[in-house]
Amino acid sequence: MAPCYKFSGILGTTLAVLVVGFLAWAYQVSQPPPPKICGSPNGPPITAPRIKLRDGRHLAYKEHGVPKDDSKYKIIFVHGFTSCRHDAVVADTLSPDIVKELGIYIVSFDRPGYGESDPDPNRTLKSIALDIEEFADQLGLGSKFYVVGYSMGGQITWNCLKYIPHRLAGIALLAPVVNYWWPGFPANITAEAYSQMKLEDQWALRVAHYTPWLTYWWNTQRWFPICSAISRSLHNFLKQDKELLTKLLDNKDNYVAQVRQQGEYESVHRDANIAYGSWEYTPLDLQNPFPNNEGSVHLWQGVDDLFVNVTQQRFIAQNLPWIHYHELPGSGHLFPHADGMSKTIIKSLLGVK
């Protein structure tokens with residue numbers, strides 16, 4: 001019997017070594033590489049103006065429109081997923097005549113980890129709103145300012161309504177990304193919206209919500225399809241979107257390499273983890289920041305958007321009657337790039353004709 005015991009001991013030891021080896025390998029591949037900070041040795045160069053925040057981080061920005069000191073309206077634009085300060089659609093497509101006539105100043109910025117803004121490893125829902133507030137103060141935008149957020153930037157704009165409502169002159173949310181785990185939403189609405197996503201996106205969002213520590217591994221492995229937005233897949237674009245995308249990509253070729261230059265994890269992966277993580281509030285908890293109609297909140301949504309389902313936006317609008325809800329039949333996710341849309345969006349936000 002002794003040889004049998006000896007064999008069992010060897011087998012047990014071998015299995016233990018294999019398990020430990022597998023766990024070590026799994027840990028290693030799930031760890032993202034350190035970010036390449038702009039301006040650091042071997043990091044990308046700093047080419048944009050930047051402000052320094054309270055914690056020492058920097059935000060890079062780009063100014064559009066009339067000179068700030070000559071402006072009547074000051075607007076902060078919050079870019080979307082896998083984008084940067086150059087993707088300020090309302091600034092890029094708004095007629096110069098309208099800008100000059102109304103006296104509009106728009107400033108876009110790289111969100112933490114994107115472009116030339118430093119990553120924020122401690123980023124939370126509240127911290128990005130406070131970043132925007134401090135950004136506005138350092139640029140001297142006054143006690144109140146407008147915020148326009150598009151796609152993931154639209155979701156972030158909810159945080160401004162939650163944490164800095166006293167600083168807002170008005171808000172426009174353009175196809176804001178939804179979190180499928182927000183409590184308070186009917187299960188049938190959430191399930192319907194979730195089921196209409198591509199299977200690879202359903203899995204990517206599950207990973208971001210339930211196992212965020214695996215987000216880097218999931219979106220860099222080659223065994224399964226990864227998040228379509230991260231892979232820049234065109235599957236979620238309608239015909240109208242694809243027509244608009246051609247013009248958009250022609251312009252983006254000049255700076256697309258800047259978007260994730262500091263690393264995938266500190267830009268798109270951290271974005272996903274926060275967007276689809278557990279929130280301490282939902283849009284349904286928000287109060288009207290303009291009870292005396294001194295400002296307004298606008299939510300714009302394309303009915304045929306394949307990235308952000310219209311049903312959840314409708315539910316938000318039905319439960320928050322103080323939101324001015326604009327639904328666009330036949331439009332997809334890129335509707336802000338359509339001719340004339342920026343003019344309509346901005347004039348509605350500013351309350352001018």
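For reference, positions follow the sequence shown, starting with 1.
Annotation: side-chain contact (heavy atoms from CB on, under 4.5 Å) contacts of Lys126 (sequence neighbours excluded): Thr124, Leu130, Tyr163. Judged as a side-chain contact (heavy atoms from CB on, under 4.5 Å), and not counting sequence neighbours, the contacts of Trp203 are Leu199, Arg206, Trp218. When the side-chain hydrogen bond (donor to acceptor under 3.5 Å, both in side chains) test is applied to Ser108, the partners found at least two apart in sequence or on another chain are His64. When the side-chain contact (heavy atoms from CB on, under 4.5 Å) test is applied to Gln261, the partners found at least two apart in sequence or on another chain are Cys38, Pro44, Glu116, Gln258. Residues satisfying the side-chain hydrogen bond (donor to acceptor under 3.5 Å, both in side chains) test with Asp201, not counting sequence neighbours, are Ser228, Asn236.
Asp271 and Arg123 are joined by a salt bridge, as a carboxylate oxygen and a charged side-chain nitrogen come within less than 4.0 angstrom of each other.
Across every non-hydrogen atom of Ser151 and His333, the tightest pair is OG-NE2, 2.8 Å. In this structure, Lys72 and Leu102 approach most closely via the heavy-atom pair CB-O, 3.7 Å.
Asp118 pairs in a side chain to side chain donor-acceptor pair (under 3.5 Å) with only one of the listed residues (His58, Arg57, Gln262, Lys52), which is His58. Just one of Val90, Leu94, Val66 meets the side chain to side chain contact (heavy atoms under 4.5 Å, CB included) condition when paired with Ile104; it is Leu94.
With 3.5 Å as the limit, one finds no donor-acceptor pair spanning the side chains of Tyr150 and Asp87. For the residue pair Glu264 and Asn219, no side-chain donor N or O sits within less than 3.5 Å of a side-chain acceptor on the partner. Ser117 and Arg111 share no donor-acceptor pair across their side chains, judged by distance under 3.5 Å alone. Side chains of Asn159 and Tyr281: a donor on one and an acceptor on the other come within 3.5 Å.
The neighbour count for Lys36 NZ, taken as heavy atoms of other residues, nucleotides or ligands under 6.0 Å away, does not exceed 12. Within a 6.0 Å sphere centred on CD of Gln287, other residues, nucleotides and ligands contribute 12 heavy atoms or fewer.
Listed by first then second residue, pairs satisfying ring-ring contact (aromatic ring centres under 6.0 Å, His included) with a partner in residues 90-112 read Phe109-Phe135, not counting sequence neighbours.
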